[in-house]
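In what follows, a single structure is set out as structure tokens and then discussed.
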Amino acid sequence: MVERLRQAGQSVRALTRAPAEATGLPGDVEVAGGDLTKPQTLAAALDGVSAVHLLEATGHDHAPLQTGPQILAMAAEAGIRRLTVLSVGEDGELEQAVRDSGLEWTFIWPIDFMSNALGWAEVIRNTAEVREPYANRRTASADEADVADVTATVLAKGGYAGRRLIVSGPEALTPAEKVSAIAAATGREIRFTELTDDQARLRWRAEGWPEEGIEFMLRMWATVPETVARVTSTVEEVVGRPPRTFAQWAATHADAFRP
């Protein structure tokens, strides 16, 4: 998203917990140190900024952001006008704080990221097979590049104040259909095998998953709501082009699945 904002002629300041490690950013991007879980570290990062993109979860464990109200109060005091929030799709304390902030806000909810398929990369490289339960579940996964394009456009230009933009891909696919697309992109034969709940439990226990994590995942996949298979027009509406297909995503990331 940083690159997309730069292409739109915006000056960009990137927030990171570890500025010394932010070596891959272009030289004209300002790097600011700070931690969303510690609002007292954010004053300098917010100074002189007109628009902010906020994550609803923090860290590798995806814990919900608990400091949103403090951050929003600081943003309003700093004169920030526009806010986009990468949403998990459910209303909570942060969503209410955003609505009460007085800022021009837009929630952006990707139904699912195509990049989650990278979780199969190692097993596909090693065994050319994906083994999972609930093979018929469908998700209209979005290319992460499309999510970045939508977010950058809204952040730079506005025009979607007070809305929740649901970002999807152009089709709802099953895991087996995604595996077939990866196979076509890599030129390899890759199998998809559906597991029973008990087979999945045995496999995940052997991989070291905690019992609560296993049961949570099985419940989640057994009760996938219809909304995650809903194709939306958000990418075309905001960016002005159709969303990228999973086949396009797989072709771009094919090397990740090759031995």
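Worth saying up front: this structure is predicted, and the values here are computed from it rather than measured. Residue numbers start at 1 and run along the sequence shown.
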Could you walk me through whether Thr193 and Glu129 pass the side chain to side chain donor-acceptor pair (under 3.5 Å) test, one step at a time?
-> CA-CA 7 Å; Thr193 300; Glu129 182 180 21; 2.5 Å; yes
Student check: side-chain heavy atoms of [X] and [Y] closer than 4.5 Å:
X      : Y      : value
Ile108 : Val167 : yes
Pro133 : Leu218 : yes
Thr227 : Ile166 : no
Met217 : Trp209 : yes
Glu144 : Met114 : yes
Leu72  : Asp100 : no
Phe192 : Pro175 : yes
Val239 : Asp146 : no

Would you say [X]'s side chain and [Y]'s backbone share a donor-acceptor pair under 3.5 angstrom?
X      : Y      : value
Ser168 : Ile111 : no
Arg99  : Leu94  : no
Arg81  : Ala76  : no
Thr245 : Gln248 : yes
Thr127 : Ile124 : no

State whether [X] and [Y] are salt-bridged, where the test is any N-O pair (Lys NZ or Arg NE/NH1/NH2 against Asp/Glu carboxylate O) under 4.0 Å.
X      : Y      : result
Glu215 : Arg201 : yes
Glu122 : Arg125 : no
Asp47  : Arg13  : no
Glu104 : Arg82  : yes
Arg138 : Glu177 : yes
Glu211 : Arg205 : yes
Arg203 : Glu132 : no

Check Thr84 against Thr151 and note the closest heavy-atom contact, atom names and distance.
->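 Smallest heavy-atom distance, with atoms named: OG1-CG2, 3.7 Å.
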Specify the closest pair of heavy atoms between Glu171 and Phe246, including all atoms of both residues, with the distance to one decimal.
->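 Closest heavy-atom pair between Glu171 and Phe246: OE2-N, 3.7 Å.
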Between Thr196 and Asp198, do the side chains contain an N or O donor and an N or O acceptor separated by less than 3.5 Å?
->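 Result is no, nothing qualifies.
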Determine whether the side chains of Thr67 and Lys38 contain a donor N or O and an acceptor N or O closer than 3.5 Å.
->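 No donor-acceptor contact under 3.5 Å links the two side chains.
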For residues Trp109 and Phe107, establish whether the separation of their ring centroids is below 6.0 Å.
->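 Not under 6.0 Å, so no.
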Inter-residue atom distance Leu15.CG - Leu46.CG, 0.5 Å rounding |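 Separation between the atoms: 8.0 Å.
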CG-OG1 distance between Leu165 and Thr232, expressed to the nearest 0.5 angstrom |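 The distance works out to 8.5 Å.
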